[in-house]
Amino acid sequence: MLRLTLQGMRARWVTFTGSFVALALGVGLIAATGLALAATFQAPHRGPERFAAAPVVVRATETLRVSTPIGERTQRLADPRAVPAEVAAELARLGRTVEDRTFQVSYASVGGGGDRTNGEGAAAAGHPWSVAAATPYRLTDGRWR
């Protein structure tokens with residue numbers, strides 16, 4: 001029986017090697033996928049960042065929902081809507097409210113001597129100063145220009 005197996009391997013060694021390589025690569029792929037999946041189970045919980053000091057945050061829906069004959073279709077909006085004016089007015093009656101409007105800004109990085117570089121500038125998001133009270137960050141140094 002062993003002699004027959006060895007003769008078959010000697011006659012079909014390319015097939016045997018190819019099968020072994022395919023099996024090894026498959027096991028490696030499954031192991032890598034399992035490790036990536038296991039890494040997500042141990043991911044730390046990210047707490048609130050920008051609005052950590054705010055007692056309540058209200059925002060509008062970022063998803064468009066449409067009923068169709070085959071069911072409900074949903075799509076995430078590229079530009080989320082603002083909270084409706086009626087809701088904002090009702091919330092303002094309850095206490096102090098601040099409206100956050102994100103806007104695009106570009107800035108040039110500052111070189112070692114304090115001079116601005118000639119680069120195109122990097123894109124960033126800006127927020128009004130009135131929202132700064134809801135963040136856990138405080139300005140400790142610098143000045144307003």
Side-chain angles (χ1 to χ4, degrees), residues 1-88 90-92 94-142:
M1 182 65 115
L2 184 60
R3 194 170 121 221
L4 261 167
T5 304
L6 290 175
Q7 284 178 350
M9 283 177 46
R10 189 177 315 131
R12 295 178 184 89
W13 67 273
V14 174
T15 305
F16 176 73
T17 306
S19 298
F20 181 76
V21 168
L23 184 65
L25 289 174
V27 167
L29 181 66
I30 290 173
T33 304
L35 286 173
L37 184 62
T40 62
F41 294 144
Q42 301 297 326
H45 173 67
R46 291 187 62 185
E49 292 177 7
R50 279 196 54 234
F51 297 114
V56 177
V57 175
V58 178
R59 71 177 198 181
T61 307
E62 294 182 356
T63 306
L64 175 66
R65 296 182 193 286
V66 177
S67 296
T68 64
I70 59 171
E72 187 176 77
R73 304 278 313 253
T74 60
Q75 180 70 35
R76 187 174 175 90
L77 296 173
D79 296 321
R81 299 178 300 174
V83 173
E86 308 85 47
V87 175
E90 190 69 27
L91 290 170
L94 299 175
R96 181 176 175 265
T97 59
V98 177
E99 192 173 348
D100 183 16
R101 294 285 185 216
T102 303
F103 53 91
Q104 291 295 110
V105 295
S106 62
Y107 59 92
S109 59
V110 177
D115 298 329
R116 295 188 181 273
T117 61
N118 294 333
E120 290 290 319
H127 302 278
W129 279 106
S130 57
V131 179
T135 65
Y137 312 113
R138 299 290 173 246
L139 184 63
T140 59
D141 191 19

Check your understanding: Taking atom OG1 of T63 and atom CG of L77, what is their separation to the nearest 0.5 Å?
Key -> 6.5 Å
Exercise for review: First locate atom CE of M9, then atom OG1 of T17, and finally report the distance between them rounded to the nearest 0.5 Å.
Suggested key: 8.5 Å
For [X] and [Y], which heavy atoms make the closest approach, and how far apart are they?
{"X": "A82", "Y": "A60", "answer": "O-CB, 3.5 Å"}
{"X": "V83", "Y": "V58", "answer": "CG2-O, 3.9 Å"}
{"X": "V131", "Y": "E99", "answer": "CG2-O, 3.9 Å"}

**Study point:** Q7 CD: over 12 foreign heavy atoms closer than 6.0 Å
**Key:** yes
